[in-house]
Amino acid sequence: MSARLHFEDFTLGRVFDCGAYALTKEEIFEFARAFDPQPHHLDEEAAKSGMLKGLSASGWHVCAIAMRLLADGILNKAENRGGVGAPEGRWMKPARPGDVLRMEAEVKDAKASGSKPFGFVTLECRVFNAREQIAMIAMTPIIGRRG
Amino acid sequence: MWWDDIEIGTRRELGSYTFTEDEIIRFARKYDPQPFHIDKDAAQHSIFGGLIASGWHTAAIWMKLAIESRKKDAAAGNPLQRAGVSPGFEDLKWLKPVRPGMTLTYSSEVVEKVELKSRPDMGLVKSRNEARDESGEVIFSFVGKGFVQRKPNES
C-alpha cells in the first residue's frame, strides 16, 4: 500500500529514503547546453584542468535531480502546496557522469499551523554521489496537510 | 578582473526570458512532476489556479542568462571576473508563481566579499540575484556564491 503522507508523519529526525537517479554523461551535456554552458560541464578535456578535475554536472542540474527525487519520494505522496524556497544549498562534491545519485531527506523541523489544517516541515535533503560523498545538501521547507 | 577589484554594490542586468507553456511542462516532466507543473487541468484546480513553472526552472534560467551575459561582455572586451565554481547559494525564495507567457528580467548585485583562509589564491563573492516580472515586482531571489581568483602577490 502506498500510504499518503500527512503532516503527522514528519516526525523530528525521521529520515526518508528518496531513491536514486542514474546520471549519464548525455544528460549532463543536455542540461548544461540548455542552462549552464561552461567548460567544466561540457568539455571533457577542459574539465580535467579545471577546479573540479573532471567533468561534473551543473549544480543547478543536481538541484533539479534532488527536486525529482523529492517529488517522487515525498511530495507526490503528500498534500503539497508548493515550495517557497530554500534557505541554503551547498554543492559539496562533484556529481560525475555515471554516478547513481541517492537522496535522503531528514526532518529537521516540524511545526503545526495554529489556525490552518496544515503544518510546516523543514527537510534537510542530502544527495550522495557514487563515492558516497555528499554531493549536495539543501534545506527545504514544505507544507504538509494534517491527517 | 580579480576578486580584489570587485566592488560591493556593482549591479549587472542579465537579460530577460519568456517562459512558454511547452518549456514549463517539458522541464517539470523531467525534474519536478507535480500536478501544478505538468497538468493544465489539475493545475486549474490546485491552489495556484493554473499551470506554473518549477522553481528550479526559474533558477536554471538565471544561470543561462548569467552565462550569456558573461559571453556578451567577453565579446565586447569588458573585464570579466576570474570566476571559478560555486559552493552554493543562500536565501533562495520563490515569491510569486511564474506562469506561461510571463517575461522575467534578471539582475545580479554584489553584496559581500569574503576572504578564504583555506584558499589564499581565491576569494568568495556573494551576489543578490533577482528576477522581476513586467511590473517590476520581485518574483524570485537568491544569494549566489562564487569563487573568484585573487590578485597574485607582487614581490
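Keep in mind that what you see is a predicted model, and the values were worked out from it rather than measured. A note on names: the letters A, B, ... follow the listed sequences, proteins ahead of strands, and every chain is numbered from 1. Because only heavy atoms are used, hydrogens play no part in the values below, and waters and symmetry mates are left out as well, while side chains stay in.
The backbone N or O of A:Pro94 sits less than 3.5 Å from a side-chain atom of A:Asn129, completing a donor-acceptor pair. No side-chain donor-acceptor contact under 3.5 Å links B:Arg29 to the backbone of B:His37.
For B:Phe19 and B:Phe27, the ring centers sit 6.0 Å or farther from each other. Annotation: B:Phe89 is not in aromatic contact with B:Trp62 [ring centroid separation under 6.0 Å not met].
Here A:Arg90 pairs with A:Glu88 in a salt bridge; the nearest charged N to carboxylate O distance falls below 4.0 Å. The residues B:Arg128 and B:Glu109 are annotated as not salt-bridged, no charged nitrogen and carboxylate oxygen being separated by less than 4.0 angstrom.
Of the two parts of A:Pro87, only the backbone, made up of N, CA, C and O, holds a non-hydrogen atom closer than 4.5 Å to a non-hydrogen atom of chain B. Contacts between B:His57 and chain A at a heavy-atom distance below 4.5 Å involve the side chain alone, from C-beta outward. For a residue to count as touching a neighbouring chain, one of its non-hydrogen atoms must lie under 4.5 Å from one of that chain's; by this rule B:Lys71 touches chain A with the side chain only. For a residue to count as touching a neighbouring chain, one of its non-hydrogen atoms must lie under 4.5 Å from one of that chain's; by this rule B:Phe147 touches chain A with the side chain only. Heavy-atom distances place the side chain of A:Asn76, and not its backbone, under 4.5 Å from chain B. Of the two parts of A:Ala138, neither the backbone nor the side chain holds a non-hydrogen atom closer than 4.5 Å to a non-hydrogen atom of chain B. Interface residue A:Met51: only side-chain heavy atoms are found under 4.5 Å from chain B. For A:Leu69, no part lies near chain B; criterion is any non-hydrogen pair under 4.5 Å. Interface remark: A:Trp91 contributes backbone and side-chain atoms alike to the contact with chain B (heavy atom separation under 4.5 Å).
Under a cutoff of 6.0 Å and an axis angle of 45°, A:Arg102 and A:Phe128 form a cation-pi pair.
Among B:Tyr31, B:Phe142, B:Trp56, the residue making the largest number of heavy-atom pairs under 4.5 Å with chain A is B:Tyr31. The most heavy-atom pairs under 4.5 Å with chain A, out of B:Ser86, B:Gly55, B:Ala59, come from B:Ser86.
When the side chains of ILVMFWY residues are joined at heavy-atom separations under 4.5 Å, either directly or via intervening members, B:Met122 and A:Leu52 end up in a single hydrophobic cluster.
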